[in-house]
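All remarks here apply to the structure that follows.
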Amino acid sequence: MNTTVPSNSLQILLRASKETIPKARQHLKDWKQIGEQIPDEEIRQQATWTISDKTFHCEGGSILGLLAGDNQDAYIKFMVAYQSICDYLDTLCDKNDAHNQDDFRSIHHALLDSLTPGEPFYDYYEHRKPFDDGGYLQNLVTTCRQTIETFPGFANMQEDMKEVAQFYIDFQVYKHVEKSLREPLLMHYYETNKHLAPSMRWYEFACGTASTLGLYCLAAYAAKSIRTKEESKQIKEAYFPWLQGLHIMLDYFIDQEEDRAEDEMNFTSYYENREDLIQRVNILDKEATTKLKKLPDASFHLLIKRGLYAIYLADSKVKAHPQMQKDAKALLKLGGMPAKFFYYNRWMFKRKT
Ligand SMILES: CC(C)=CCC/C(C)=C/CC/C(C)=C/CC/C(C)=C/CC/C(C)=C/CC/C(C)=C/COP(=O)(O)OP(=O)(O)O
């Protein structure tokens, strides 16, 4: 296996298409088969639908496996299981009308369990009427634990991984509560964490907590070799919250029309106007760039950032709206030539383009 970290777009494209994406798809296929055995019909449908609908998350996350040296396979196994937990739980939250914060917190405890091998399993469904998932969620958690505990760098990176996981969990809880509480909770969330990024806006910080990219970058480096706590902190702070903020703002950018029609919260709607949006995304980009440049394998990380523009802005929802198309063109410029290169070669992703 080629264990060098690619430093140009063509290498990333070739190795993602030949190495990492096929591996991620195979794991997803296996999890779908396991999901099909879930006894409870509604949960079975939600789990299997999620795997098919969110394939892109694992395909994209697998590309970070190019940082994992000869431990790429174990990284991808961990990442697919972890992302499948995130996506499955997001579906459970979306489909739940009770908006019970305690329930959202309990089910998401699975993410913390995934990062703490050896601890007893939490009772994830404690706030739900009893149902049988056939051990599906615990099975995903166990796979995460069994892989991550073998990573040489895990011991020194575990605390940072748990910290970014906790930020993601808090976001999921606040984002799915009763509508009238979402804004105040997310604003307060920013106020209590403002010291981490004083020049961010509250809705940009919310996006900064909602991505799993930082965790995957930490996991990939942990898979490769022993790391110091200082290295771990530097990696975490390069991805969280700025690059992650850019990532999820792009995700919300493409969903804006759909969310408007369905009266769903969309973080792009808080910008004053289109110019403000483009200017602020530029700032998120610049802050992320400054931090990514200081990392080992800087050119790889910068290409991941550029790839995000390409993959999100290629979504078919963008083409359907002339104004969005115009804004997307302006945003794609921020990704430069590599973003355009990825954009025209995006066919290998299972995204609706
Ligand atoms: C190979 C080629 C052609 C190009 C490579 C280019 C490249 C380098 C691309 C980068 C790919 C990459 C790293 C993608 C990231 C994938 C990833 C990890 C996605 C997960 C993102 C995530 C956690 C999304 C969830 C966002 C979230 C919390 C939404 C909130 O949900 P909600 O508001 O309920 O909305 P939904 O209805 O959407 O659930």
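All values derive from a computational prediction rather than experimental measurement. Numbering of ligands and ligand atoms starts at 1, following listing order.
Results of the salt bridge (charged side-chain N to carboxylate O under 4.0 Å, His left out) test with Glu59 over Arg346, Arg25, Lys54 single out Arg25 as the only residue that passes.
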Between the protein and ligand 1, are there any N or O atom pairs that come within less than 3.5 Å of each other, and if so, what are their names and distances?
unit_1, atom_1, unit_2, atom_2, d
ligand 1, 33 (O), Lys175, NZ, 2.4
ligand 1, 33 (O), Tyr252, OH, 2.7
ligand 1, 34 (O), Asp94, OD1, 3.3
ligand 1, 34 (O), His176, NE2, 3.4
ligand 1, 39 (O), Asp90, OD2, 2.6

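Gln83 and Thr212 are linked by a side-chain donor-acceptor pair at a separation below 3.5 angstrom, with hydrogens and angles left out of the test. No side-chain donor from either of His108 and Tyr124 sits under 3.5 Å from a side-chain acceptor of the other.
A donor-acceptor contact shorter than 3.5 Å is absent between the side chain of Arg227 and the backbone of Asn156.
By the neighbour-count criterion of 12 heavy atoms within 6.0 Å, atom CD of Glu42 is sparsely surrounded, having that number or fewer from other residues, nucleotides or ligands.
Ring geometry for Tyr221 against His301 counts as tilted: the plane angle lies between 30° and 60°, on a 0 to 90° scale.
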